[in-house]
Structures are given as structure tokens and as C-alpha cells.
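I have placed the structure first, in the form of C-alpha cells, so that the comments after it can refer back to it.
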2 protein chains.
Amino acid sequence: MNVRRTTIKDVAEAAGVGVATVSRVLSGGSASPETRERVLNAATQLDYRPSALGRNLRQRRSGGIGLLVPDITDSFYGRLADGVLACARSAGEPVVLGTTGDDAEREAEQIGMLLEQGVERVVAVPAGNAEIWEPTLRTGLTMVFAHRPVTARDDVPAVLADDRAGVRTAVDYLTGLGHRRIAYLGGPGQGQRVAAFRQSVGALLDEELIVFARGSRDSAYAAAAGLFQHRPDLTAVLAGGNQLGEAAVLAARELDLRVPKDLSLVMFDDVPWAELCSPPLTVIAQPAQDIGYRAAELVLRAGARRPRGVLLPTELIVRGSCGPRRTP
Amino acid sequence: MNVRRTTIKDVAEAAGVGVATVSRVLSGGSASPETRERVLNAATQLDYRPSALGRNLRQRRSGGIGLLVPDITDSFYGRLADGVLACARSAGEPVVLGTTGDDAEREAEQIGMLLEQGVERVVAVPAGNAEIWEPTLRTGLTMVFAHRPVTARDDVPAVLADDRAGVRTAVDYLTGLGHRRIAYLGGPGQGQRVAAFRQSVGALLDEELIVFARGSRDSAYAAAAGLFQHRPDLTAVLAGGNQLGEAAVLAARELDLRVPKDLSLVMFDDVPWAELCSPPLTVIAQPAQDIGYRAAELVLRAGARRPRGVLLPTELIVRGSCGPRRTP
DNA sequence: AATCATGATGGAATCGTTTCCATGAACGTG
DNA sequence: CACGTTCATGGAAACGATTCCATCATGATT
């Protein structure tokens, strides 16, 4: 039961060389062909697997990459995580996952844990703002932000969907259908999108039509229902995420607002069920998996890492949840 | 930039004690009150955070817990992962996530990586069967299976939803509605459910009505469409997961089968969109998050870990996707 | 008063790797 | 032929914690 695992020392002994040589051979250093072969043979013979523990300690860093998302339950973050995992797997790196619940404090706690583990490369969907990140960025870890930027930190690369274009396209689409009172139903950390929304609606801007929910489903529902009840004059809604879209559909149904007859709805993020919904939802698709993959790529290629950021395209997918403005 | 992190040695020096004493104090060993205070002061003063790297090497294991799921994109596994994360967080342990794609080979590869990382406690939704797990279980790591058992390994605890009862309830419900030709649309690793299905339908059993998809969405759709076309006489379907349910809805829609008029549908796993679907889907709810949490609990409490397994209840939630048998 | 048990304490070993450095052989060049 | 350069190689020193073990002081028991 207490079988000691085979160490580099065993391999060295079996191959009749020093441990340094074994290490060199296994990590691609220089060695004579014959020695190399002897070592490799001995290694396979003994089924040697180098322990990451020893290496990590010596190099003062654990290989893996850290991933921080607000909520792994959310389809969008699920796909983003999948992208990170795919990239990490092809690089042979483990991924340490943590959730922040979009809470800056919890985020800091998770970062602390990652540092303690020696994780030095982190992909994060940032919850906090610039000041919050200040201290952790000074610890010297390699960060890449995904999905959202941290304003005023353009020295940290960010992989983003082109929210601005997405919002504008959606708003143009809705105004083109005749809508004048368009609401934005937002979640945490959507400063960019809201700015784009304000800009896109231009003269139609009505601050009361911009509402925010906190992270949870309940909060999203409350925000949507509150909005619909408080402003029955609105005719279109742009929901800033799939949970918010879900809440909007439910709230509309509850208040007997027919979609799209009474209310047009566009949702950020294309999820499989958008097509199953009744009516099928018009969405702004985001390449969630790509975002994750690209972010992981960036964080792994820490060296000459110049790109300040990557902007991936969004796409408006028209289904059935938008119609011409209801004529009163 | 090259700020050496503060080590236990620094703390020892600052407190005027030996490193052994610092270690003892910090890990709750015996020490005199005054020494304890001096050490604690010095530690907070220097903002000391013990490096997991050193500890891991000495103890020959990395703290964290490994989590292996088929597909983090799937809502069910997302919630399961969330449960594991919640438990791990409260225990202060990091979680290393890997996906297997329901592929035994990839699963083995992930296990290998975890072992290399020194991860000794793993929660997994097993993809492979008993023989596949044989060697990895001999490596001495602490395993807990979640969501699915590995047959013939009752020495490894498993946290499961009560599939048997769930299937039976669903089948009883459908037969109660008059259905006689009931299909099962399954995914990988659903041996238990299929067995329960066979048993529940009893004399109505028709092997042709049991079909399987591989993991992907496409495969699920193909299986569903094939089933519906090949056997237009069936009147009810039990889908063994949310992706399969989704595929069934899509395929039915494509083939102009009206739900529930032409086809009754029960889906395993309650997902948020089940309610948004048209018609809202009748589902067998599974406590995915609980499964994850309980599994993590079990794997963390490695000592006197007696329970062979945990069986959590499922619940039939009746919505609108089932109706009386279509009269020809 | 002598002995023993108890508990606090620090030095040193240990975990498994990488990497620095010294050694020696082989080789090419003046 | 002598000398410098290059290369393969192995011993040993890190890395930062935990933990064994010996030491010493203190108080209790005979």
C-alpha cells in the first residue's frame, strides 16, 4: 500500500547517470544521444512521472493557470471556462477554478488563494474596479481579463466581445422597427455596454429605462418586473445577459405582456434554449468559448505579450422576439 | 520588482524563535501563549502567507481537490461544479477542474495530470467503467464518484440522484396518461437509468425504443430525430438529460410533432429554461448542486469515511409537455 | 533531595525537482 | 604540441514548508 513513487533519483540510478542529467534530458536540455536514450528507456521502464510538487517548489511557481468567473452555473461562463480548459489542456497545464459571485471581496480572497498555491497566471472576469486590482497586479502575476475590462488598466490585456458594436446593432435594429422607448436591463460590471447603449439610443435616452440587477436570478427577475411595472410605456428591452433575458421573459409573461406584440426583446448571449423559447429569442451572440480560449492563450504566452487586448465580433441573430412598435 | 516573498524563516527571525515553532503555532500545534502571540504578531506584521508549494512537497500531496466532469458547458455539470466549489471554498481548498468529454481515455489523461500535480482527492463523474478505473484506484487516491456509479466498485463512495425512483415516477406518470409506447433517449453512462427504465415499463418494453446518443448536441439531435422518424408510433419520450431534452424538442418541432398533443416529453434535469420552453417542460429535477457539495464533503472527510454512498431524491415537476395518449 | 513526567523549543533532516558550478574529455586551431 | 573552447556530466545547493528528535526547564511525585 505504501508504495513510494519512483523519483528522478531512481531513474538516474537505473540509467547509471546523475540526477542532473535525467532532469536535463527530460526537459529538453543538452545530452548525448546515447545518454538520452538510456535515460528515456529507464524512465519508461520505471513508469516515471515527474512530480510537479518538487518542480513547483524549485521554480517557486505552480504551473497551472487560475480561472476566476462570477458564476460557473451561467451558460456564458460555462462556455468561457470550456475555452480556457481547451487551451490549457493542449498546453498540458492544469486549471484552478474559482467563482467570485461578482463580489470584489470574494474575488480578492480567491486571488489570495491562487497566490498561496503559487499560481502565477490568471484569467479573470473582473468583478472589482481599478483600485481593487491595484494591489494584486503589483504582486507580479500574469493577468488577462476576459469578457470585461478593468477601466484604466490598459496595461493588462483583455479579451472582449465587441459589446459596443453589439449594442449598437441591437439598438439600430429596434429603432428600425419603430421603437422609441428602449430599456436596458443590465447586470454587474456592464459599464461598457451601458455607455454604448447611451450613445446608441442618442436622443431617445431615458435614464429611467436603464436598470441594474445584481448577480442572482431573483434580483434579475425583480429588476425586470419592476421595470415593466414602473414604465408600461416601454416597448423594447435589451437584456444584458442570458439570466437577465430569462428574467425578462418570465416577468413579461407574468405581467401578461406578449412578446413580441407588446414588448420586443433582444438578449445578450446566444444560448441553446433561445431557440426553444416561445417566441424564439433574438439575441446578440458572443463567442464565449473563443474568449476563454484566447484569454488562456494570452496568459500562457507571457513573454513578448504585446497585444493590449483582443476584440471579438458579436452577431445579431434575429429570431422571433422583436416586432414593430405596438401602436397604442 | 524582484521582491522575495516572506518565508517562515523571516517570521521566525522577526519573532526571535525557531522555524519549527512558527510552523507549530501556525498549524495549531502546542506553544506557550506568549510565544504564540509573538509569532502571530510577527506574521501579521510581515504579512506572511505560507507557501503551499513548500508544504505540498513536504507532505507529498497538494491540498486541492480535483473535479472531473464530462462537459462544463452542460448546465447540470455547471451546477454540480458549483456545489463542489462551494464546499471546497468553505474548507479553504482550491479546485482543479478538468473535462473528460465522457471519454475514458481523456479521463485517464486528466487523472494522470492530477496525480502529477499531487492532487490526491478527486470528485469525478466517471466516464469509463470498472476496469478502466482499476489502475487509478490502486494509486491510493481518495475518490468519490458523483452522478454515476462505477459498477462493481462499491468500495468507492458515490453520490447519486435517485435515478431509479425518478425513472419509475416518470414512467408511471406517462403510463397513467395512457401511454404504451414510451421511448428512452439516453446519453453515455446511463446504465442505471436504462435498467430502471426497463424494469419500470415492464411488459411494455420495446428495445427498439431505447436509443443512445454520444455526448454532443449533434449526436443528441440525430438520435432524437432518428427515433421519431423510425418509430412514428411512439407517443412518449423520456429524455435522459437536458441536452437530450433540448434535442427532443427541436427534433419534434422539425418533424411537426406537437408537444404534448402528438408526443409527451419528460426530461431529466430541471433547467431554468424548461419553464420558458413552449410548452413548459415536465421534468425530473435532480439536486445537481447538492450532489457536488456532498461529494466534495465526502472526499474531504477522508478519514473515517464509511458511507458507501449517498442517494439524493429526485422530484417530478409537472409542467405542460405531457398529455393523454393521442388517440389514433 | 533525587527522579520522573511533561511541555516548550530549536536544529536539522526531509520532500523531488531544477540549476549552478566544477570537472574532465574531446576537439580544433595557432 | 600546447592551449583555448565547447560540450556532456554529476555533485551539491537551493526552494519553503513540516516534522523528527534531542535538549532543557519546570513542576510533581516518591
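Below, chains carry the letters A, B, ... as their sequence lines are ordered, and counting in each starts from 1.
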Which nucleotide in the set [options] lies at the smallest distance from any side-chain heavy atom of [X]?
X       : options                : result
A/Val19 : D/dA12, D/dA17, C/dG16 : D/dA12
A/Arg55 : C/dT18, D/dG11, C/dA12 : C/dT18
A/Arg58 : D/dA13, D/dT18, D/dA17 : D/dA13
B/Arg60 : C/dA8, D/dA17, C/dC15  : C/dC15

> Just checking A/Gly118: base, sugar-phosphate only, or nothing, at a heavy-atom cut-off of under 4.0 Å?
Replying inline: nothing
>> Using 30° and 60° as the class boundaries, would you call the ring planes of B/Phe76 and B/His147 parallel, tilted or perpendicular?
In response: tilted
> Which residue lies toward the 5' end of DNA chain C, B/Arg38 or A/Val22, if each is placed at its nearest nucleotide?
Replying inline: B/Arg38
>> Between A/Asp103 and A/Glu107, does the side chain to side chain contact (heavy atoms under 4.5 Å, CB included) criterion hold? Intermediate values first, please.
In response: CA-CA 6 Å; A/Asp103 177 60; A/Glu107 180 171 76; over 6 Å; no
> Side chains of A/Thr136 and A/Thr139: is there a donor and an acceptor less than 3.5 Å apart?
Replying inline: no
So, does [X] get its side chain near the phosphate of [N], meaning an N or O under 4.0 Å from OP1 or OP2?
X       : N      : answer
A/Thr35 : D/dA8  : no
A/Thr21 : D/dT9  : no
A/Ser32 : D/dT9  : yes
A/Ser23 : C/dT18 : yes
A/Ser30 : D/dC7  : no

> Just one of B/Leu80, B/Val310, B/Val123 clears the side-chain contact (heavy atoms from CB on, under 4.5 Å) bar with B/Val159, so which one?
Replying inline: B/Val310
Please report the distance, rounded to the nearest Å, between [atom1] in [X] and [atom2] in [N].
X       : N      : atom1 : atom2 : value
A/Leu53 : C/dT14 : CG    : P     : 18 Å
B/Leu26 : D/dT19 : CG    : P     : 13 Å
A/Glu34 : D/dT9  : CD    : P     : 7 Å
A/Lys9  : C/dT14 : NZ    : P     : 9 Å
A/Arg24 : D/dT9  : CZ    : P     : 8 Å

>> Let's go through B/Val19 and B/Val11 carefully: what are the C-alpha distance in whole Å and the side-chain angles of both, what is the deciding distance for side chain to side chain contact (heavy atoms under 4.5 Å, CB included) to 0.1 Å, and is it a yes or a no?
In response: CA-CA 8 Å; B/Val19 291; B/Val11 177; over 6 Å; no
